[in-house]
Number of protein chains: 2
Amino acid sequence: MPGNTINPEDWLTALDESGFRVTSVQETLIDIFAHSEYPLSAEQAWEVARQSRPKTGRATVYRMIEKLESLGLIRRVHGYQGCTHFVPTLPELMMLFICLYCGRADYLDGQPLNDLIQQSEQTSGHHITESRLQLFGACSDCQQNA
Amino acid sequence: MPGNTINPEDWLTALDESGFRVTSVQETLIDIFAHSEYPLSAEQAWEVARQSRPKTGRATVYRMIEKLESLGLIRRVHGYQGCTHFVPTLPELMMLFICLYCGRADYLDGQPLNDLIQQSEQTSGHHITESRLQLFGACSDCQQNA
DNA sequence: TTCTTATTGATACCAGGTATCAATAAGGCT
DNA sequence: AGCCTTATTGATACCTGGTATCAATAAGAA
């Protein structure tokens with residue numbers, strides 16, 4: 001499954017440019033989210049963070065997640081594990097696929113979604129400003145190994 | 001916005017056929033969910049239920065929602081109001097649209113979604129067994145009145 | 001280096017949701 | 001119809017993911 005290609009530096013820059021102070025917890029948490037190929041919950045991220053930074057506070061993790069989500073750097077996965085997990089947002093419009101066997105996230109080309117939205121706008125008469133699509137199933141790897 | 005055309009009788013039948021006892025709370029809650037054109041949370045449904053059936057318990061509402069969801073009669077809306085609201089499931093595959101202004105749900109033909117899934121399966125190599133799509137924006141009514 | 005103030009971590013708190021359990025009532029059986 | 005079994009209910013206590021508070025810390029401008 002192709003990994004994502006996120007650059008944590010860009011996230012720090014984004015925070016900096018939005019007027020936030022750059023701190024060590026931020027760097028820790030950004031690294032964690034940017035490099036995980038699995039959706040992470042706040043509690044999971046907290047656990048990982050404390051391995052390298054034991055005094056990390058719980059509330060801080062929630063605050064960072066809120067910040068990262070509001071800046072569009074991570075996005076919430078509305079899935080089987082609930083709606084409390086997050087994955088990095090890729091720059092282009094991508095469709096999110098989650099493998100129900102290995103749990104990994106994969107990103108698919110978003111063009112079909114664009115087409116769908118345009119088509120649906122025309123037939124329904126609604127003005128669609130936001131979409132949320134998630135696909136679930138067996139990834140190519142897990143099919144092979146089954 | 002076209003209303004949904006759910007028949008509460010069918011839901012009772014479905015519960016009955018699944019081996020559940022038919023009770024008065026069930027009828028009350030089914031009526032509430034089947035007729036609402038807005039996504040409802042458990043607390044909201046509880047509030048409405050107590051208007052006609054004051055002794056209705058909170059846990060009972062949560063239990064019924066679980067039951068109805070597991071039977072596929074209602075589905076969770078993964079949306080801006082959180083992921084705790086439910087709408088009736090229509091028999092055919094439909095795409096869910098939620099108006100960000102009036103809050104109402106509308107159901108769009110699901111064929112484009114089918115096409116998208118088929119297309120994405122071929123290009124990605126993943127086997128897609130489940131999809132979750134939600135569209136948000138301004139419904140045709142709300143655009144008119146803006 | 002100093003000073004201001006955003007950020008942090010610890011704690012208490014809140015709310016949505018679940019487990020427990022005695023009381024109730026569906027509905028099969030006679 | 002009445003009885004009996006047991007699923008369902010309602011009240012309560014509880015749990016857990018997430019938030020508000022606030023003193024202590026540390027960015028980063030001067």
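Order of the sequence lines sets the chain letters (A, B, ...), proteins ahead of strands, with each chain counted from 1.
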Inset, instruction - Mind listing the residues from residues 75-84 of chain B sitting with a heavy atom below 4.0 Å of DNA chain C? Number order is fine. - result: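 Under 4.0 Å from DNA chain C: T84(B).
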
Legend entry - Minimum-distance nucleotide to V22(A) side chain [options: dA11(D), dG28(D), dA10(C)]: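 Among dA11(D), dG28(D), dA10(C), the one nearest the side chain of V22(A) is dG28(D).
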
Within the 4.0 Å heavy-atom criterion, would you say [X] contacts the bases, only the backbone, or no part of the nucleic acid?
{"X": "T60(A)", "value": "base"}
{"X": "R53(B)", "value": "sugar-phosphate"}
{"X": "S41(B)", "value": "nothing"}

Within this structure, what is the [atom1]-to-[atom2] distance between [X] and [N], rounded to whole angstrom?
{"X": "F20(A)", "N": "dT8(C)", "atom1": "CZ", "atom2": "C1'", "value": "15 Å"}
{"X": "R63(B)", "N": "dA7(D)", "atom1": "CZ", "atom2": "P", "value": "14 Å"}
{"X": "M64(B)", "N": "dT9(D)", "atom1": "CE", "atom2": "P", "value": "7 Å"}
{"X": "Y62(B)", "N": "dT16(D)", "atom1": "OH", "atom2": "P", "value": "17 Å"}
{"X": "E27(B)", "N": "dT8(D)", "atom1": "CD", "atom2": "P", "value": "14 Å"}
{"X": "D16(B)", "N": "dT8(D)", "atom1": "CG", "atom2": "P", "value": "11 Å"}
{"X": "F86(B)", "N": "dG17(C)", "atom1": "CZ", "atom2": "C1'", "value": "11 Å"}

[Y] versus [X], side-chain donor and acceptor atoms under 3.5 Å:
{"X": "D115(B)", "Y": "Q119(B)", "value": "no"}
{"X": "H127(B)", "Y": "E121(B)", "value": "yes"}
{"X": "Y38(A)", "Y": "Q81(A)", "value": "no"}
{"X": "Y80(A)", "Y": "E130(B)", "value": "yes"}

Legend entry - Any N/O donor-acceptor pair, R21(A) side-chain to dT5(C) base, under 3.5 Å: yes

Legend entry - Check: R58(B) side chain, dG17(C) base, donor-acceptor under 3.5 Å: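 Donor-acceptor pair under 3.5 Å: yes.
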
Legend entry - Joint cluster assignment, Y62(A) & L68(A), ILVMFWY side-chain distance < 4.5 Å: no

Inset, instruction - Look at the side-chain N and O atoms of T23(A) and state whether any lies under 4.0 Å from the OP1 or OP2 oxygen of dA6(C). - result: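 It does not, given that no N or O in the side chain of T23(A) lies less than 4.0 Å from OP1 or OP2 of dA6(C).
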
Inset, instruction - Compute the centroid of each ring, for F136(A) and then for F97(A), and state whether the two points are separated by less than 6.0 Å. - result: no

Legend entry - Lys/Arg N to Asp/Glu carboxylate O, R21(B) vs D16(B), below 4.0 Å: no

